[in-house]
Amino acid sequence: MTVGGCLLKCPTMTPLRSVKGMHDILPSEIAKWHFVERTYRELVERFGYREVRTPILEPLELFVRGIGEATDIVEKEMYAFEDKGGDRLALRPEGTASAMRAYIQHSVQVSEPLSKWYYVGPMFRRERPAKGRFRQFYQAGAELIGAQEPTADAEIIDMAVQFVERLGIRDVKVQLNSLGDEESRPVYREALVAFFSRSRDALCPDCRRRLEVNPLRILDCKVETCKGLASEAPPVVEHLSLASAEHFSQVRRLLDRYGTPYEVAPRLVRGLDYYTRTIFEIEGDAGELGAQATIVGGGRYDTLVSELGGRPTPAIGFSFGIERLLMIIGGKEPAPQRLVFVAGVGNGGIDRAADLARSLRKAGCSVEASYGGGSLKSQLKRADHMGATVTLIAGEDEAERQSVTWRDMKDGKQHEVPLSELTGRLGEVL
Ligand code: HAM
C-alpha cells in the first residue's frame with residue numbers, strides 16, 4: 001500500500017522521529033507533570049470546578065466561528081484537513097471553543113444556571129517552534145459559565161494567581177484590560193480604522209487586510225513597523241460604554257480588596273476574537289525562559305455561546321501551557337515515591353519474590369522485583385539503580401521461618417522481619 005507516494009512498509013531502517021515541535025514526555029519527566037496537574041486539580045476543585053473532556057478533533061467551523069477568521073491561530077496555525085469522508089476537521093488549537101460547543105450540545109444551561117468547568121489536555125498550533133513554544137502543547141484551563149458579575153471575573157483571576165503562586169513562581173503580576181461590550185466595540189473599531197488608515201501604506205500586507213476585516217487584530221501583529229504604529233493607537237479603555245467602564249472598575253476594586261497584584265495594560269488585546277470586557281494575562285519570573293514571561297491568558301467572552309448557536313450566556317475563563325510552566329518552575333521537582341525492591345534468591349526465589357511483590361502492591365506499596373532473578377549482588381545493584389529505599393530478600397531460609405531479610409539501602413544494614421509484621425513496618429518508612 002502507498003500513502004502520498006511513499007511505501008507504508010518502509011524499506012530502509014532510518015529511525016523515525018516525532019513531528020517537529022511535538023515532543024515525547026518520558027517516564028523520567030512525568031513526576032513534574034503530575035505534580036503540576038495535581039496542584040491545579042486540587043485548587044480548582046476547591047473552587048467548585050469539575051473536569052470536562054472533549055474530543056481533540058473538532059469541526060473546523062467551530063474554531064473559524066469561535067476564535068475568528070482573521071486571527072493568527074485560524075489563518076496560519078491550525079492543523080486543518082479534510083478526512084476521507086470529506087468532513088473538514090481541525091486539531092483543537094485551544095479549549096474554550098470546544099468546551100462551549102459541548103456546553104451547548106448537551107443543553108447544560110437547562111439543568112445548571114452556573115457551570116464551572118476545567119480541562120487538561122493537548123492542543124495544536126503550527127507555530128514556529130521556539131523556547132516555550134511548541135506545535136503540540138498541553139493546556140490546562142478553567143471556564144466559569146453563566147455569571148456576568150465582576151465578582152466572577154475577580155474570583156477567577158484570583159484563582160489563577162493563587163495557582164501560579166502555589167507553584168513557587170515569584171514576581172507574579174496580572175496585566176489587565178477591558179475590551180468593552182457590543183456597544184463599545186463598533187465605536188472603538190471606528191477609532192482604530194480612522195487611526196490606522198492614516199498610515200495604511202506602512203502596515204504589513206496582513207494588517208492592510210485586517211484593517212478591513214478586524215482592525216483590533218492589528219494591535220496584536222508581530223511585525224515591527226505595525227507594532228510601532230500600534231503602540232500609538234488609541235487605547236480601548238477610552239472607548240468603553242458606561243456599563244463596561246463600571247464593570248471594569250468593579251473588577252479592579254475587588255482585585256484591590258483581595259490584594260491581587262495587577263496593573264492596567266491599556267494596549268493588551270489577546271489573540272482570539274471572542275473576548276469581551278475583561279481580559280488578562282498573568283506573568284511571573286520566568287527562570288530559564290528569561291526575564292518575565294506570560295504564563296496564563298484569559299478573559300470574558302459573553303457572546304461566544306450565542307455565536308456558536310446557544311442561548312446568550314456570559315462566561316469567563318483562562319488557560320496556561322503546562323510545558324511553559326514546567327520550564328519556569330525548573331528544578332522544583334516533587335520528592336519521588338518511595339520504592340520497595342523484592343529480591344528472590346535460592347530455589348524458587350523468583351516465585352517467592354513475585355508473590356511477595358504482588359501482595360505488597362495489593363497492600364498499597366510501590367514495589368519492583370527482578371523478573372529473571374540472578375545473583376543477590378546483581379539484584380541489589382538493580383534496586384540501588386532504581387532508587388529503592390528498602391530491599392526485601394526472600395531466600396529459602398527466610399521462607400522456612402515465614403520471614404524476609406530487610407536491607408536498608410542507605411546504610412546497607414540488614415535484619416529479619418516476620419512476614420506478619422511486614423506491611424506495618426513498611427508503612428512506617430515509606
Ligand atoms: P492563549 O493565550 O492562546 O489563550 O493560550 C493560553 C496559554 O497557552 C498561553 O499563555 C501559553 O501559556 C500557552 N500556549 C499557547 N500557545 C502555545 C504554544 N504554541 N506552545 C506552548 N504553550 C502555548 C487561550 O488559548 C484561551 N483559550 C484562554 C482562555 C480560556 N480564555 C478564556 N478561557
Side-chain angles (χ1 to χ4, degrees), residues 19-23 25 36 40 44 49 52 54 58 62-63 66-68 71-74 76-79 91-101 103 115-145 147 152-153 156-157 159-160 163-164 167 169 172 174-177 179 217 220 222 268-284 286 289 292-305 308 313-329:
V19 175
K20 188 176 172 186
M22 304 196 183
H23 299 282
I25 303 157
V36 168
Y40 182 66
V44 298
Y49 287 77
V52 60
T54 58
E58 292 277 5
L62 172 65
F63 304 114
I67 300 172
T71 57
D72 276 357
I73 297 179
V74 169
K76 302 178 183 162
E77 297 166 1
M78 258 202 317
Y79 285 93
L91 288 174
R92 62 181 185 192
E94 58 108 47
T96 311
S98 305
M100 292 313 110
R101 196 251 328 118
Y103 178 80
S115 305
K116 291 176 164 186
W117 288 9
Y118 79 89
Y119 47 84
V120 181
M123 309 290 162
F124 303 82
R125 296 184 193 176
R126 202 177 182 287
E127 293 191 77
R128 195 172 45 80
K131 213 171 190 183
R133 192 162 62 217
F134 309 97
R135 290 182 169 177
Q136 175 177 323
F137 58 99
Y138 282 75
Q139 249 188 10
E143 313 289 351
L144 168 50
I145 317 153
D153 305 40
I156 205 166
I157 293 171
M159 180 173 87
F163 168 67
V164 173
L167 292 175
I169 296 174
V172 176
V174 181
Q175 300 294 328
L176 189 72
N177 199 11
L179 288 181
R217 292 275 66 90
D220 209 25
K222 280 145 201 133
L268 179 68
V269 283
R270 307 231 345 102
L272 304 100
D273 273 355
Y274 50 59
Y275 290 118
T276 52
R277 294 197 167 173
T278 314
I279 53 167
F280 61 97
E281 288 185 348
I282 301 178
E283 50 182 45
L289 274 181
Q292 288 284 103
T294 301
I295 305 163
V296 178
R300 183 165 273 292
Y301 48 93
D302 289 344
T303 52
L304 180 60
V305 174
L308 294 177
T313 310
I316 181 165
F318 67 80
S319 65
F320 61 88
I322 300 183
E323 288 85 349
R324 257 182 223 186
L325 206 57
L326 288 173
M327 290 173 91
I328 291 170
I329 63 175

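Each ligand, and each atom within it, is numbered from 1 in the order the structure gives. Remember, it's a predicted structure, so these values are computed and weren't measured experimentally. Every heavy atom of this structure was used, including side-chain atoms; hydrogens, water molecules and symmetry mates were not.
Looking at Gln139 against ligand 1, only its side chain comes within 4.0 Å, counting heavy atoms. If you look at Glu143 next to ligand 1, the close heavy atoms, those under 4.0 Å, all belong to the side chain. Heavy atoms of Leu272 found under 4.0 angstrom from ligand 1 belong exclusively to the side chain. Residue contacts with ligand 1, taken as heavy atom pairs separated by less than 4.0 Å, involve Tyr275 solely via side-chain atoms from C-beta onward.
Considering only non-hydrogen protein atoms, atom 12 (O) of ligand 1 sits nearest to Gly321 N, 3.0 Å. From the protein, the heavy atom lying nearest to atom 19 (N) of ligand 1 is Glu127 OE2, 2.6 Å. For atom 27 (N) of ligand 1, the closest non-hydrogen atom of the protein is Glu94 OE1, 2.5 Å. Protein heavy atom at the shortest distance from atom 20 (N) of ligand 1 is Phe134 N, 3.0 Å. Among all protein heavy atoms, the one lying closest to atom 28 (C) of ligand 1 is Ser319 OG, 3.2 Å. Of all protein heavy atoms, the one lying nearest to atom 21 (C) of ligand 1 is Gly132 O, 3.4 Å.
For ligand 1, the atoms sitting less than 4.0 Å from at least one non-hydrogen atom of Gly297 are 10 (O), 28 (C), 29 (C), numbered in the order shown with element in parentheses. Below 4.0 Å from some heavy atom of Gly298 lie the following atoms of ligand 1, by number and element: 31 (N). Here is the list of ligand 1 atoms found below 4.0 Å of a heavy atom in Phe318: 29 (C), 30 (C), 32 (C), 33 (N). For ligand 1 and Arg133, the ligand atoms under 4.0 Å from any heavy atom of the residue are 19 (N), 20 (N).
With Phe163 as the partner, the side chain to side chain contact (heavy atoms under 4.5 Å, CB included) test is satisfied by one option alone out of Leu325, Ile169, Ile282: Leu325. Looking at Val52, Leu308, Ile145, Leu304 one by one, the single match for side chain to side chain contact (heavy atoms under 4.5 Å, CB included) with Tyr103 turns out to be Ile145. Screening Ile156, Asn177, Ile157 for a side chain to side chain contact (heavy atoms under 4.5 Å, CB included) with Thr278, the sole residue that qualifies is Ile157.
Considering each of Tyr274, Phe124, Phe137, the one bringing a non-hydrogen atom nearest atom 14 (N) of ligand 1 is Phe137. Checking Arg324, Met100, Glu77, Arg270 against atom 2 (O) of ligand 1, the nearest heavy atom belongs to Arg270.
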*Thr96 and Tyr274: side chain to side chain donor-acceptor pair (under 3.5 Å), yes or no, with the steps?*
CA-CA 10 Å; Thr96 311; Tyr274 50 59; 3.2 Å; yes

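Ligand 1 lies within reach of Gly299, whose nearest heavy atom is under 4.0 Å from it.
Under a 4.0 Å N-O distance rule, the pair Lys222/Asp72 qualifies as a salt bridge.
For the pair Ala142 and ligand 1, the shortest N or O to N or O distance does not fall below 3.5 Å. Remark: ligand 1 and Gly95 share no N or O pair separated by less than 3.5 Å (distance only, no angle test).
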